[in-house]
> 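Below are the structure tokens for one structure; questions will follow.
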Amino acid sequence: MQRRRFVAQTGSLAISATLLSPGVSQAQAQANTPRAGTDFNVLSRPAPVEAPAGQIELVEFFWYNCPHCNAFEPVLAEWVKKLPTDIVFKRVPVAFRDDFVPQQRLYYALEALNLLDSLHARVFAAIHVEKKNLSQPPAIVDWVVKQGVDASKFIEQFNSFSTTTKATRARQLQTAYQVEGVPALGVAGRYYTDGALAKSMGRVLQVVEHLTDQIRRGS
């Protein structure tokens with residue numbers, strides 16, 4: 001889902017090995033080095049981060065209804081498993097409009113119930129494979145209950161002050177990173193990249209790896 005018009009090349013999700021290949025010339029490597037303003041944006045004002053000192057916060061912005069987010073999710077999930085220990089990863093559901101908010105609440109309610117590991121990917125599957133409409137609270141509650149979740153516990157978290165606060169903070173962080181479309185990634189409160197900038201979601205991950213390496217080197 002993009003607020004601006006661009007071609008999202010979600011079909012190319014494999015991370016390019018160009019920069020890692022021993023046969024690549026220095027000139028080629030330099031040509032493929034991610035560049036500010038082309039492959040990623042440098043934020044004019046730092047976005048808030050929650051990661052402790054010495055850790056690098058990495059944020060994925062997503063929307064459950066977004067087909068590009070659905071395609072990217074399994075690739076991202078495998079990539080996250082291999083992240084260095086100094087990276088703190090979190091997901092942030094966006095709300096470009098008010099009708100996105102129920103799915104924000106869905107995500108944070110599942111988080112509060114420690115159900116993201118088992119149900120996050122299944123939400124994507126329900127929407128994009130099973131073609132279920134999970135845009136409104138009644139449908140969301142009905143689906144969650146069918147997954148074996150206690151209805152009263154879920155509704156309590158869905159409507160909780162904590163979930164409301166997290167949804168508000170998510171929108172604030174989305175604004176701070178100047179998110180233009182999803183899926184997108186924010187790095188350390190300093191950098192933003194997405195499929196439009198990097199030209200493919202596979203290259204987005206390459207750009208993020210480049211940026212985190214730079215942060216470690218203090219640049």
Side-chain angles (χ1 to χ4, degrees), residues 1-4 6-24 28-43 46-47 49-51 55-94 107 116-117 120-121 123-125 128 170 173-174 176-219:
M1 160 65 182
Q2 284 75 35
R3 289 192 294 180
R4 64 188 175 198
F6 63 79
V7 177
Q9 299 178 10
T10 54
S12 177
L13 292 175
I15 301 174
S16 171
T18 302
L19 297 182
L20 304 178
S21 173
V24 174
Q28 286 175 305
Q30 290 176 342
N32 283 282
T33 299
R35 293 177 295 169
T38 300
D39 301 294
F40 62 91
N41 290 334
V42 180
L43 301 186
V49 297
E50 297 178 350
Q55 301 283 296
I56 302 170
E57 184 170 282
L58 175 62
V59 183
E60 183 218 7
F61 295 95
F62 77 96
W63 178 39
Y64 279 125
N65 269 31
C66 168
H68 307 308
C69 297
N70 176 57
F72 185 48
E73 172 57 30
V75 177
L76 177 67
E78 287 302 310
W79 182 77
V80 167
K81 292 177 183 177
K82 302 170 187 177
L83 286 174
T85 56
D86 65 342
I87 293 183
V88 177
F89 174 77
K90 69 177 184 180
R91 291 180 170 88
V92 171
V94 299
Y107 178 84
L116 285 177
D117 286 347
H120 179 65
V123 176
F124 278 114
H128 298 280
L173 194 62
Q174 166 191 323
Y177 269 105
Q178 302 171 39
V179 177
E180 290 288 349
V182 288
L185 291 172
V187 183
R190 296 163 57 182
Y191 306 110
Y192 168 86
T193 187
D194 60 21
L197 289 165
K199 306 302 184 291
S200 77
M201 291 311 300
R203 183 158 168 77
V204 163
L205 299 181
Q206 182 182 333
V207 169
V208 169
E209 290 174 353
H210 168 79
L211 292 172
T212 54
D213 285 345
Q214 285 208 324
I215 291 170
R216 290 189 191 96
R217 292 196 297 267
S219 57

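For this chain, numbers begin at 1 and follow the sequence in order. A quick note: this is a predicted structure, and the numbers were derived from the prediction, not measured. Atom set for the values below is all heavy atoms of this structure, side chains included, hydrogens, waters and symmetry mates excluded.
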> Whether the side chain of E57 engages the backbone of A51 through a donor-acceptor N/O pair (distance < 3.5 Å, no angle test) should be reported.
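Checked: pair present.
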> Would you please name every residue forming a salt bridge (charged side-chain N to carboxylate O under 4.0 Å, His left out) with K82, sequence neighbours left out?
none
> Determine whether V88 and K90 satisfy the following criterion, side-chain contact (heavy atoms from CB on, under 4.5 Å), listing intermediate values before the conclusion.
CA-CA 7 Å; V88 177; K90 69 177 184 180; 5.8 Å; no
> Evaluate the side-chain proximity of L58 to L83: yes if any heavy-atom separation is below 4.5 Å, no if none is.
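With C-beta onward as the side chain, the pair touches.
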> Can you list everything that forms a side-chain contact (heavy atoms from CB on, under 4.5 Å) with P84? Sequence neighbours excluded, please.
D86, I87, R216
> Could you pull out the closest heavy-atom pair between P34 and D39, with the gap in Å?
CA-OD2, 3.3 Å
> Under the 3.5 angstrom rule, does the side chain of Q178 hit a backbone N or O of L43 as a donor-acceptor pair?
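It does not hold such a pair.
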> Look at the rings of H120 and Y107 and say which category their plane angle falls in: under 30° parallel, 30 to 60° tilted, over 60° perpendicular.
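Because their plane-to-plane angle is over 60°, the rings of H120 and Y107 count as perpendicular.
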> Return the minimal non-hydrogen interatomic distance between A71 and P74, and the atom names on each side.
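Minimum heavy-atom contact is O-CD, 3.6 Å.
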> Would you give the length of the straight line joining atom NE2 of H210 to atom CZ of R35, rounded to the nearest 0.5 angstrom?
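The distance works out to 11.0 Å.
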> With the side chain counted from C-beta on, respond yes when Y64 and P93 share a heavy-atom pair under 4.5 Å apart, and no when they do not.
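The answer is no; the side chains never approach within 4.5 Å.
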> Looking at CD1 of I215 and OH of Y191, how far apart are the two atoms once the value is rounded to the nearest 0.5 Å?
5.5 Å
> Using a 4.5 Å cut-off on heavy atoms from C-beta on, say whether the side chain of M201 contacts that of V75.
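Sidechains of M201 and V75: no contact.
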> According to side-chain contact (heavy atoms from CB on, under 4.5 Å), who are the partners of A121, at least two apart in sequence or on a separate chain?
none
> Are the side chains of L185 and Y192 in touch, meaning some heavy atoms are under 4.5 Å apart?
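Heavy-atom side-chain distance check fails, nothing below 4.5 Å.
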> For the atom pair CH2 (W79) and CZ (F89), what is the distance rounded to the nearest 0.5 Å?
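Between atom CH2 of W79 and atom CZ of F89 there are 7.5 Å.
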> Out of the candidates H68, R91, H128, only one should pair with E73 under the side chain to side chain donor-acceptor pair (under 3.5 Å) rule; please name it.
R91
> Would you please test V80 and E60 for side-chain contact (heavy atoms from CB on, under 4.5 Å) and show each step?
CA-CA 11 Å; V80 167; E60 183 218 7; over 6 Å; no
> Do the non-hydrogen side-chain atoms of Q174 and V92 ever get within less than 4.5 Å of each other?
no
> Checking side chain to side chain contact (heavy atoms under 4.5 Å, CB included) between T193 and each of L205, V208, N41, V187, which is the one that passes?
V208
> Between Y177 and G189 (side chain of the first, backbone of the second, donor and acceptor by atom type, cut-off under 3.5 Å), is there such a pair?
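Checking the backbone N and O of G189 against the side chain of Y177, a donor-acceptor pair under 3.5 Å is found.
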> Heavy atoms, side chains only, cut-off 4.5 Å: are F61 and D194 in contact?
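SC-SC contact between F61 and D194 ruled out.
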> Using every non-hydrogen atom in the two residues, find where G195 and V204 come nearest and quote the distance to one decimal.
N-CG2, 3.8 Å
